[in-house]
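Being a predicted model, the structure only gives us computed values, none of them experimental.
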Amino acid sequence: MGTACSSIGGQTVQETATRPKHNSVPAASATAKASNPTAAAARPSSIPSPSAAAAGAHHSSRDSGRGDKENENGLPSNVVVAQLSTDKPVSSPVGEALPWTVAKATISMVHRAERRADLLAAIVIQRWFRARRARRMFLNKLYWRIFSKIEYKTEQDHLQLLQFYMRMMAMNSLRPQPNNTINYTRQLASGGHMLDEALFFSRPHPPIDTSPAAAETFLADCRKNRPLQFSYVQALLDEAFVYLKDLDNVSRISAPPKGAVTIIGDLHGQLPDLLHIFDTNGLPSSQRPYVFNGDLVDRGQDSAEVFCIVLHFMLAYPGSVLINRGNHEDLLMNKKYGFMKELERKFPGNLNQIAACFGAVFLALPLATVVAERIFIVHAGISANTSLSVIERLDRLRYSSLQLLAVHGAVLEGPAAEEAEQAVDLVWSDPRPNVKGSEPNTVRGGGSLWGPSATKTFLKTLNFKLIVRSHECKQEGFEYCHDSQVLTVFSASHYYTNGSNKGAYLHIDDSAGVTIYPFELTSAKKMSSQARLREVEAAAMSAVMSQALLHKQELEEEFANSDGKQSGRLNVLVWAQIMDRVVRIDGIPWQSCRSRLAVMDMGMVNYSRTLQMYENCCEAPRVREKDDGARFYSNLDQLESVFRLIDADNSGFLTTDELATAVSLLSQGQERRPSLTEAQAGSLLKLMDLDHDGQITFNEFVECYRLVQRGAK
């Protein structure tokens with residue numbers, strides 16, 4: 001055995017050679033070796049003699065048909081090639097020249113073939129990976145579009161319901177109140193109840209510590225899930241209202257030297273996201289200012305804690321912690337999207353009082369912030385008519401609800417109408433790439449859709465460089481649009497479902513430079529991308545089914561009319577067209593999603609079983625109360641919204657007066673239907689009062705709806 005050292009690709013490789021058998025070595029070579037023993041001895045043992053290499057090559061060519069195994073160079077195993085330091089042919093002892101360049105070329109050719117095979121394998125893997133990634137990205141965008149469309153449709157439906165119910169009530173509740181710096185009158189949007197501002201100063205409450213240490217203590221208590229105390233929260237809200245009501249509509253702040261202002265987008269009651277930001281970015285202080293850009297409440301489970309934590313630090317560092325008002329800092333929105341239910345759960349027996357305190361603080365929140373005199377921070381956006389001078393001079397405490405303004409702002413005239421339009425645009429608008437100027441926001445039902453030209457004009461007029469807004473959930477937690485002149489930041493991660501989106505926050509330095517910090521909580525990081533996609537898909541499909549069930553009766557009629565043979569099945573295309581026309585959620589590819597949203601039967605959609613599948617997937621547990629076990633229905637949200645609108649005092653049940661007022665208002669919008677008399681309202685209440693206790697609970701309200709619906713069928 002011999003060993004050859006070859007330099008291939010810059011690496012030294014030792015090759016073990018099997019010497020040819022004695023009977024295969026040419027006689028001339030053996031004779032030469034015997035006649036020149038000195039030369040043979042001087043040759044290094046690790047490099048075979050040229051004659052031996054030639055003999056090996058000759059032997060290989062002669063025995064190439066034997067199926068010998070190949071060595072690592074791709075040549076027969078009994079062939080050894082030595083990489084010499086010269087490219088010149090070496091003469092053998094018998095005077096024969098060995099073509100080493102040919103051997104090197106052979107090795108090079110083999111290596112090229114190997115590299116080509118590796119390259120082809122890499123290309124195949126790359127194509128597979130790209131196709132898989134493209135499919136995952138397509139599905140993510142599809143599910144994201146579904147979530148967004150359903151969210152916008154829900155808000156639009158809520159505004160339409162509000163418009164129908166409050167048609168006459170808004171005429172009175174929106175009229176501006178006398179401008180008195182001491183005794184503003186405020187109305188709870190729940191029904192026009194008047195609450196005097198003096199209530200927040202005359203009632204006794206324990207003194208509250210507003211120092212930084214107290215804010216940190218309160219934060220620590222919230223980390224430990226300690227329950228909120230009614231008297232403490234009420235005192236905190238009173239103190240916050242006194243501080244906020246005297247602030248300007250547009251706050252101004254600058255970054256400290258070598259520091260930055262932190263901008264937080266929508267949190268929506270998600271305490272873990274707020275704690276994560278504080279842990280990674282640091283607690284608010286005079287050297288670490290914060291701007292919270294609205295929508296701190298609703299949807300999440302800890303809205304009260306999140307809002308109170310921010311208020312505590314605002315009072316501890318006045319001027320360094322700012323809050324902009326969002327569209328969910330509104331009691332009417334809270335009735336629909338969960339904050340009112342949270343207050344009812346956390347402050348039993350004190351819902352009306354605590355809701356009034358939160359509502360007053362909501363009204364007192366400023367509407368926008370300017371950072372470093374170059375960046376405009378607002379919750380939702382602007383319109384082509386937005387004027388900073390109008391925003392700065394309007395009286396934000398004069399209106400009970402910006403949502404009411406979004407629905408009924410047209411009843412106002414003159415300067416009041418202009419102010420109402422400006423205020424609504426700040427908390428309800430959305431940017432769009434193809435809009436010229438601005439137009440009504442039909443997507444949400446309130447505010448404006450504004451385009452790049454409106455952005456450019458607004459920034460140029462005020463010498464600003466950027467609009468920072470929130471209001472819309474983004475998959476990466478942030479998104480630029482309008483030639484990078486509008487930046488959306490959203491800080492509530494996993495907003496729709498676990499793994500649906502990241503959160504983000506911003507830093508704005510003293511030169512108006514922006515740094516973005518996306519984040520994702522640990523729970524989602526542990527999930528594989530495939531598991532995350534499955535969870536998002538399941539949530540998206542469930543949301544679509546819930547929306548479809550709201551139109552169940554209409555769908556059944558459309559399916560039956562289109563099924564001429566009454567076979568219970570429809571063509572996929574016909575089924576998709578009906579779903580698109582009836583459910584009215586733009587952008588859902590019903591045909592592509594039929595494997596998830598339809599029960600297939602012999603290549604067709606079995607529409608009865610499909611609707612049954614929707615009901616099974618969306619079936620909710622029973623309401624467990626001592627007197628009633630009514631089911632939650634697919635349109636429970638709408639029923640709850642109506643119930644809470646009628647329940648003007650937030651007591652959790654309906655009285656005769658509330659029921660009479662509601663029916664009277666509704667009947668005013670119907671021709672040839674006179675208002676309900678007090679006696680008629682009393683009779684109606686008795687019919688709905690199933691347990692005869694003189695009050696209508698939510699379960700009784702839902703059960704009566706079910707009975708009426710069954711009777712209609």
Side-chain angles (χ1 to χ4, degrees), residues 155 158-159 162-163 166 170-179 184-189 241 244-252 266 291-297 322-334 359-370 376-431 438-441 444-450 454 458 462 467-471:
E155 290 182 346
H158 182 58
L159 286 176
L162 180 64
Q163 184 176 17
M166 315 244 349
M171 296 291 292
N172 294 323
S173 65
L174 286 176
R175 290 175 183 167
Q177 303 298 325
N179 188 10
Y184 285 106
T185 54
R186 297 178 314 282
Q187 303 172 358
L188 282 179
F241 176 78
L244 286 167
K245 71 182 182 66
D246 294 327
L247 297 181
D248 295 334
N249 291 334
V250 179
S251 306
R252 282 175 165 78
D266 295 27
V291 176
F292 292 88
N293 200 23
D295 278 12
L296 279 76
V297 301
L322 308 179
I323 310 172
N324 290 338
R325 185 173 182 178
N327 64 313
H328 280 267
E329 275 72 50
D330 189 310
L331 288 183
L332 269 180
M333 293 292 288
N334 303 152
V361 175
F362 291 164
L363 296 181
L365 292 174
L367 300 174
T369 301
V370 176
F376 186 67
I377 315 291
V378 65
H379 175 69
I382 62 171
S383 72
N385 301 320
T386 299
S387 169
L388 192 61
S389 60
V390 174
I391 296 172
E392 288 176 327
R393 72 168 182 259
L394 67 82
D395 182 1
R396 66 183 185 272
L397 293 175
R398 72 191 309 175
Y399 304 117
S400 61
S401 167
L402 292 180
Q403 188 184 19
L404 279 177
L405 288 180
V407 175
H408 291 291
V411 304
L412 301 174
E413 297 178 355
E418 183 183 17
E419 291 181 4
E421 179 185 355
Q422 301 272 331
V424 170
D425 284 336
L426 295 179
V427 300
W428 277 98
S429 298
D430 293 299
S438 61
E439 61 187 37
N441 191 343
R444 293 184 188 264
S448 300
L449 298 175
W450 90 92
F458 179 81
L462 298 170
I467 296 174
V468 174
R469 42 97 62 179
S470 301
H471 194 48

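Side-chain contact, Ser448 with Asp425: a donor N or O sits under 3.5 Å from an acceptor N or O.
Heavy-atom minimum distance, Ala380 versus Trp428: CB-N, 3.3 Å. Ile391 and Asn249 get closest at one heavy-atom pair: O-ND2, 2.9 Å. The shortest heavy-atom contact between Ala360 and Phe241 is O-CD1, 3.4 Å. Considering all non-hydrogen atoms of both residues, Ile323 and Pro366 come closest at O-CD, 3.4 Å. Residue Asn327 comes nearest to His379 through the heavy atom pair OD1-NE2, 3.1 Å, listed as atom of the first residue, atom of the second, then distance.
Atom OG of Ser387 and atom CD of Glu392 lie 8.5 Å apart (nearest 0.5 Å). Here Leu367 contributes atom CG and Leu247 contributes atom CG; the two are 11.5 Å apart, rounded to the nearest 0.5 Å. In this structure, Gln422 CD and Leu388 CG are separated by 9.5 Å, a value rounded to the nearest 0.5 Å. Atom CZ of Phe458 and atom CH2 of Trp450 lie 9.5 Å apart (nearest 0.5 Å).
Side chain of Ser429 to main chain of Gly381: no donor-acceptor pair is present (N/O by atom type, distance under 3.5 Å, no hydrogens or angles). The closest donor-acceptor contact from the side chain of Asn441 to the backbone of Leu449 lies at 3.5 Å or more, if one exists at all. Looking only at distances, a side-chain donor or acceptor of Asp330 sits under 3.5 Å from a matching main-chain atom of Leu332. In this structure a side-chain-to-backbone donor-acceptor pair under 3.5 Å is present from Ser383 to Asn385.
Remark: Arg396 does not engage Glu329 in a salt bridge, criterion side-chain N to carboxylate O under 4.0 Å.
For His328, the side-chain hydrogen bond (donor to acceptor under 3.5 Å, both in side chains) partners are Asp298, not counting sequence neighbours. For Asn293, the side-chain hydrogen bond (donor to acceptor under 3.5 Å, both in side chains) partners at least two apart in sequence or on another chain are Asn324, Ser470.
Each of Leu426, Ile377, Asp430 was compared with Arg469 under the side chain to side chain contact (heavy atoms under 4.5 Å, CB included) criterion, and only Asp430 meets it. The residue from Thr369, Val370, Leu365 that alone fulfils the side chain to side chain contact (heavy atoms under 4.5 Å, CB included) condition with Ser251 is Thr369.
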Carefully, step by step, assess Phe362 and Val297 under the rule side chain to side chain contact (heavy atoms under 4.5 Å, CB included). CA-CA 11 Å; Phe362 291 164; Val297 301; 4.2 Å; yes
Residue pair Leu363, Arg325: steps toward the side chain to side chain contact (heavy atoms under 4.5 Å, CB included) verdict: CA-CA 8 Å; Leu363 296 181; Arg325 185 173 182 178; 3.7 Å; yes
